[in-house]
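Below is one structure; the comments refer to it alone.
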2 protein chains.
Amino acid sequence: MQLFYSPNITPNALCTLDAEESRHAVRVLRLRQGEELHVTDGRGSLYHCRILEADDRACVVESIDSEGPMAKADAARLHLAVAPTKNPSRMEWLVEKAVEVGVDELTLLNCDHSERTFLKTERLQKIALSAMKQSLHLWLPTINPAVSLREWLHSPLPTPHSPLKLIAHCEADKPRTPLADVLKPGADAIVLIGPEGDFSEEEITLALQLGFQPVSLGPSRLRTETAALYAVAAFNLINDSTL
Amino acid sequence: MQLFYSPNITPNALCTLDAEESRHAVRVLRLRQGEELHVTDGRGSLYHCRILEADDRACVVESIDSEGPMAKADAARLHLAVAPTKNPSRMEWLVEKAVEVGVDELTLLNCDHSERTFLKTERLQKIALSAMKQSLHLWLPTINPAVSLREWLHSPLPTPHSPLKLIAHCEADKPRTPLADVLKPGADAIVLIGPEGDFSEEEITLALQLGFQPVSLGPSRLRTETAALYAVAAFNLINDSTL
């Protein structure tokens with residue numbers, strides 16, 4: 001199955017795919033008028049559509065059947081907040097993999113030890129979109145632009161529930177709980193992952209004061225993007241458990 | 001801490017680092033005669049050394065103190081057997097990440113639906129070595145050259161214990177257990193991950209006949225390398241649990 005994306009699609013109506021999706025459907029996959037395809041709105045709905053105009057810059061489709069919005073397979077939401085790596089391709093890789101495995105929101109954090117404080121979120125959003133389609137997810141994750149960790153910690157949480165609030169720092173002499181011990185099926189989580197030089201002492205203290213729980217990600221010294229993906233895999237594994 | 005590698009190092013003796021390690025120590029990090037560094041033999045031992053000759057092609061060190069061989073932080077062994085991806089850089093990425101997170105042996109599998117049946121194991125071994133040093137592991141994982149899945153399934157298991165034998169296939173209409181439900185702390189595991197087009201029916205049947213248990217990796221459609229890393233993260237997460 002090949003999945004397309006259009007945020008504007010509605011049941012039993014016409015919809016014009018954007019230039020990128022039109023090019024993919026018509027020029028790359030050579031779909032023609034009358035052929036059928038699947039489109040998601042990125043908000044949990046799946047539309048079964050037929051092509052009315054196979055225009056490679058503005059492909060017009062008609063939705064003939066729809067399902068949803070469907071609940072996510074695991075109802076719990078994961079918000080990953082991570083300091084951008086010095087090498088931007090490592091972040092791009094992280095976004096692709098995290099979206100494939102399953103993440104709902106991603107925030108870029110500027111930390112005391114950050115070596116990079118800017119990354120184009122448009123490019124990351126594009127990678128997220130492509131990974132969503134690849135992995136057949138119907139939910140497009142939100143990617144928030146870079147914000148200072150301190151500012152972000154003081155802003156109110158947008159989630160209606162009270163999620164697990166976790167900070168994965170590397171200070172082995174401070175008490176930390178293994179991530180596997182704190183994650184629970186069905187529980188939303190926010191996980192903070194620091195930059196190459198770790199969070200500063202002040203950042204860790206502030207996060208703990210604000211109710212974040214310190215966790216460890218095992219005995220290895222992990223790169224930032226590896227640590228972040230490890231947390232995403234852990235969250236999804238625990239939520240996939242039936243025990 | 002910066003970790004170097006030499007398979008030949010022994011306690012209280014001289015050792016010449018190879019050209020790559022010598023270049024890194026002397027030319028990149030500019031270490032000089034009399035300075036100290038850490039070297040692992042890749043078999044669980046860590047040597048505290050002093051530089052006797054800061055030659056950037058054949059750096060001579062003297063081991064002044066050693067620890068080990070140390071047991072792995074988690075005693076369980078993971079053997080990942082995975083079909084190479086069409087795009088070799090995705091495999092290189094997998095090796096880097098899997099070694100960082102923790103894997104003991106990696107076998108490349110030629111499957112019925114493989115689009116690639118050859119990959120230079122020397123290059124992957126080099127990436128594994130670099131990831132071992134980066135993550136401060138003292139065990140260098142073994143990377144086995146590509147072998148046909150059928151042949152490999154019929155060869156005897158080299159491990160002394162009887163590991164969990166798991167095959168992660170994508171046939172959602174066949175019974176599969178979530179990976180989280182079958183992994184157990186302290187239990188060795190062999191995990192089979194198929195190519196882009198999944199294992200063939202015959203391969204799945206054969207693996208099941210030979211005692212492999214079918215597992216699922218969650219509701220997402222994962223790329224081969226993502227599925228493999230998900231399994232590696234899951235294994236390490238479960239072994240890091242203290243519950």
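In what follows, chains carry the letters A, B, and so on, assigned in the order in which the sequence lines appear, proteins first and then strands, with residues in each chain numbered from 1.
By the 4.5 Å heavy-atom criterion applied to side chains, B:Y230 and A:L229 are not counted as neighbours. Using a 4.5 Å heavy-atom cutoff, the side chains of A:P219 and B:D240 are in contact.
Residues of residues 119-130 of chain A lying within less than 4.5 angstrom of chain B, judged on heavy atoms, are absent.
Only the side chain of B:E225 comes within contact range of chain A, with heavy atoms under 4.5 Å apart. Interface residue A:S216: backbone and side-chain heavy atoms are both found under 4.5 Å from chain B. In this structure, no portion of B:M132 lies under 4.5 Å from any heavy atom of chain A.
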Inset, instruction - List the steps and the verdict of side-chain contact (heavy atoms from CB on, under 4.5 Å) for A:W93 and B:R90. - result: CA-CA 10 Å; A:W93 167 86; B:R90 292 185 174 270; over 6 Å; no
Inset, instruction - Evaluate the criterion side-chain contact (heavy atoms from CB on, under 4.5 Å) for residue pair A:L217 and B:V101; output intermediate values, then yes/no. - result: CA-CA 9 Å; A:L217 306 181; B:V101 174; over 6 Å; no
Inset, instruction - Apply the test side-chain contact (heavy atoms from CB on, under 4.5 Å) to residues B:H137 and A:R221: give CA-CA distance (whole Å), side-chain angles for both, the deciding distance (0.1 Å), then the verdict. - result: CA-CA 8 Å; B:H137 289 176; A:R221 179 172 75 173; over 6 Å; no
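With hydrogens and angles ignored, the 3.5 Å screen pairs no side-chain donor or acceptor of A:E100 with any backbone N or O of B:T226.
The local environment of CD in B:E171 is crowded, with over 12 non-hydrogen atoms from other residues, nucleotides or ligands closer than 6.0 Å. Heavy atoms from other residues, nucleotides or ligands lying under 6.0 Å from CD of A:E201 number 12 at most.
For the atom pair A:L243 CG and B:T177 OG1, the distance stands at 9.5 Å (nearest 0.5 Å).
Note: B:D181 leads B:D181, B:I238, B:L222 in heavy-atom pairs under 4.5 Å with chain A.
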